[in-house]
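Could you have a look at this structure, given as structure tokens, before my questions?
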Amino acid sequence: MPSERWTHPEPGDGPAAIAAQPSPEQVIAGLRATSEGGAELTQLLTPEGQRIPSERFDPYVADVDDETLRNLYRDMVLVRRADREANAMQRQGQLGIWVPLLGQEAAQVGSGRALEPRDMAFPSYREHGVAYTRGVDMRDLLGIFRCTDHSGWDYRAHGFHPYTIVIGNQVLNAAGYAMGQKFEGRVGNTDGDGNPSDTDEATICYFGDGATSQGDVHEGFVWAAVYDAPLVFFCQNNQWAISEPTERQSRLPLYQRARGYGFPGIRVDGNDVLACLAVTRWALEQCRHGNGPVLIEAFTYRMDAHTTTDDPTRYRLSDELEEWKLKDPIERVRAYLARGGGADHDFFDQVQAEADEFAAQLREHTFNMPEPPPERIFANVYAEPSPVLDAQREEYLSYLDGFTAEEPLAGSGIHNRGEH
């Protein structure tokens, strides 16, 4: 059996792993396919900024003109600038930790801009670009990483759930939410003329390649598939689950896993904002029409550390990073706009100046962020009063009152609440 067929089955060919005991050549081909784009990669803009026509996905970006592309470019530049500023502030001791998104701007901005206001997004802890597209104030994100807030936005108003730190847990939350949309009849409706309703909803859930090894993700796939939940599983395959490469976690490309659960899977160039926009629009449409879940594997690359506590130089080569720099998601849009006359130097300079001002605002906000009182941690835990929580709060505050203003809490560097 040819290894190509075993590795990349075409629709209708049957299950992906049809060989009970694959040959060594087939195994090697499968492993390589997890770290290379492959023939199935959906791409509309090449790394050089050249437009690739697609009969299947061009209709989903038919409304994208030069102005829209300029806005997408602006989104990515501002998001990257904010990310770099937050990374620097963590190094300066202003944030407890930061989770960089460098290199993943197109996957997040493209998919985020595909969402309608009525949709709901469930992030992990790296989706700063998606938060930006959903109208979340970036300053509210910084409170999480400065350890002053759990989340500072109205998730219902923005259609953007609070960050989830536990790997893969947000997939279960998203599956439950999407099942609720199905049970409440918010999918598969038509208007008076028999056309799809413009009030139908969908949910999108973001996670990384490493999360696909978690049981929560598997369970989310099962429940969403069984109940035809309107849920787009958006996997940002950035090649590394901290220090573990994707090929150490999967024999086959991740998007092919969807076939085992009975719903479609597709791989998109995660560094191509136009392709991410088109594919996500298509997937959301499938969900809103009541066709069940879709898995998108956005094939991208984490160009920085997993978090600011990580040192990627210990487990990956610099040559790999340099190769992916040539596929930069921002530069390919810039090249396309410049080549076609859609933008000039003045526009690019203006966007960069706006990004610098944006970063300065974030820095000023962070440096002047008030330190919350200790009792703040007990606020908004439950919707209704809880005697147990009230007792815990009083016990903790009484404990703090046992220290003098000059006496720090043992091993913490924190003084009693009278100083706050």
Side-chain angles (χ1 to χ4, degrees), residues 33-49 52 54 57 60-61 69 72-73 75-77 79-80 83 99-115 121 123-133 204-212 232-241 245-247 249-250 253-258 264-284 294-304 306 316 320-321 323-336:
T34 64
S35 58
E36 300 174 1
E40 295 81 7
L41 189 73
T42 300
Q43 187 180 80
L44 299 181
L45 279 180
T46 69
E48 296 76 27
I52 302 175
S54 170
F57 289 108
Y60 292 94
V61 288
L69 275 175
L72 291 171
Y73 174 85
D75 287 344
M76 291 192 292
V77 171
V79 166
R80 176 174 291 187
D83 172 76
V99 185
L101 60 71
L102 185 64
Q104 299 178 222
E105 296 88 357
Q108 296 192 14
V109 169
S111 61
R113 288 301 183 194
L115 293 164
S124 62
Y125 44 71
R126 198 186 301 274
E127 277 68 57
H128 322 313
V130 183
Y132 176 83
T133 66
I204 190 168
C205 181
Y206 293 89
F207 52 92
D209 49 293
T212 62
V232 175
F233 296 103
F234 196 93
C235 175
Q236 293 177 84
N237 180 1
N238 63 21
Q239 312 300 309
W240 291 94
T246 309
E247 58 264 27
Q249 302 180 71
S250 179
L254 298 178
Y255 78 96
Q256 291 188 13
R257 288 187 175 184
I266 186 170
R267 172 179 276 188
V268 63
D269 184 343
N271 286 17
D272 178 353
V273 69
L274 195 61
C276 289
L277 176 66
V279 169
T280 308
R281 280 178 169 178
W282 163 80
L284 290 167
V294 177
L295 170 62
I296 298 175
E297 178 193 355
F299 195 78
T300 181
Y301 189 79
R302 168 168 57 79
M303 295 175 66
D304 201 348
H306 174 71
R316 67 185 187 189
E320 179 180 302
L321 177 60
E323 177 184 349
W324 277 91
K325 283 183 179 180
L326 300 176
K327 304 175 184 179
D328 188 283
I330 296 178
E331 288 305 315
R332 70 176 66 186
V333 179
R334 182 187 179 105
Y336 177 83

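In this text, all values refer to a predicted model and were calculated from it rather than measured experimentally.
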Between T300 (side chain) and G103 (backbone), is there a donor-acceptor pair under 3.5 Å?
yes
Separation of T133 OG1 from M76 CE (nearest 0.5 Å)
12.5 Å
Would you give the length of the straight line joining atom CG of N237 to atom CZ of R302, rounded to the nearest 0.5 angstrom?
11.5 Å
So, the side chain of R267 versus the backbone of I296: is there a donor-acceptor pair under 3.5 Å, distance only?
no
Does the side-chain contact (heavy atoms from CB on, under 4.5 Å) test come out yes or no for V333 and L72, once each step is laid out?
CA-CA 9 Å; V333 179; L72 291 171; 5.7 Å; no
If you count the non-hydrogen atoms of other residues, nucleotides and ligands that lie under 6.0 Å from OH in Y336, is the total more than 12?
no
Where does the angle between the aromatic ring planes of F207 and F233 fall among parallel (under 30°), tilted (30 to 60°) and perpendicular (over 60°)?
perpendicular
side-chain hydrogen bond (donor to acceptor under 3.5 Å, both in side chains) contacts in which one or both residues fall within residues 102-111, not counting sequence neighbours:
R80-E105, Q104-Q236, Q104-N238, Q108-Q236, S111-Y206
Against Y301, only a single residue in E323, E320, Q239 fulfils side chain to side chain donor-acceptor pair (under 3.5 Å); can you say which?
E320
When you look at S250 and T212, which way does the side-chain contact (heavy atoms from CB on, under 4.5 Å) test go after all the steps?
CA-CA 9 Å; S250 179; T212 62; 6.0 Å; no
Would you give the length of the straight line joining atom CG of D75 to atom CG of L69, rounded to the nearest 0.5 angstrom?
11.0 Å
Closer than 3.5 angstrom, by distance alone: can the side chain of D304 be matched with the main-chain N or O of L102 as a donor-acceptor pair?
no
Sorted by chain and number, sequence neighbours left out, salt bridge (charged side-chain N to carboxylate O under 4.0 Å, His left out) with D269 holds for R332
Does L101 offer a backbone N or O that forms a donor-acceptor pair with the side chain of D83 under 3.5 Å?
yes
Under 3.5 Å, is there a donor-acceptor pair between the side chain of D272 and the main chain of L45?
yes
What's the separation between atom CD in E297 and atom CD in E40, rounded to the nearest 0.5 Å?
10.5 Å
Nearest-0.5 Å distance that lies between atom CG in N271 and atom CD1 in I330:
10.0 Å
Take W282 and T42 through the side-chain contact (heavy atoms from CB on, under 4.5 Å) test and state the conclusion after the steps.
CA-CA 12 Å; W282 163 80; T42 300; over 6 Å; no
Would you confirm whether H306, through its side chain, and W240, through its main-chain N or O, come within 3.5 Å as a donor-acceptor pair?
no
Which residues share a salt bridge (charged side-chain N to carboxylate O under 4.0 Å, His left out) with R257, sequence neighbours left out
none
Interatomic distance, OH@Y60 vs CG@L274, rounded to 0.5 Å, equals 14.5 Å
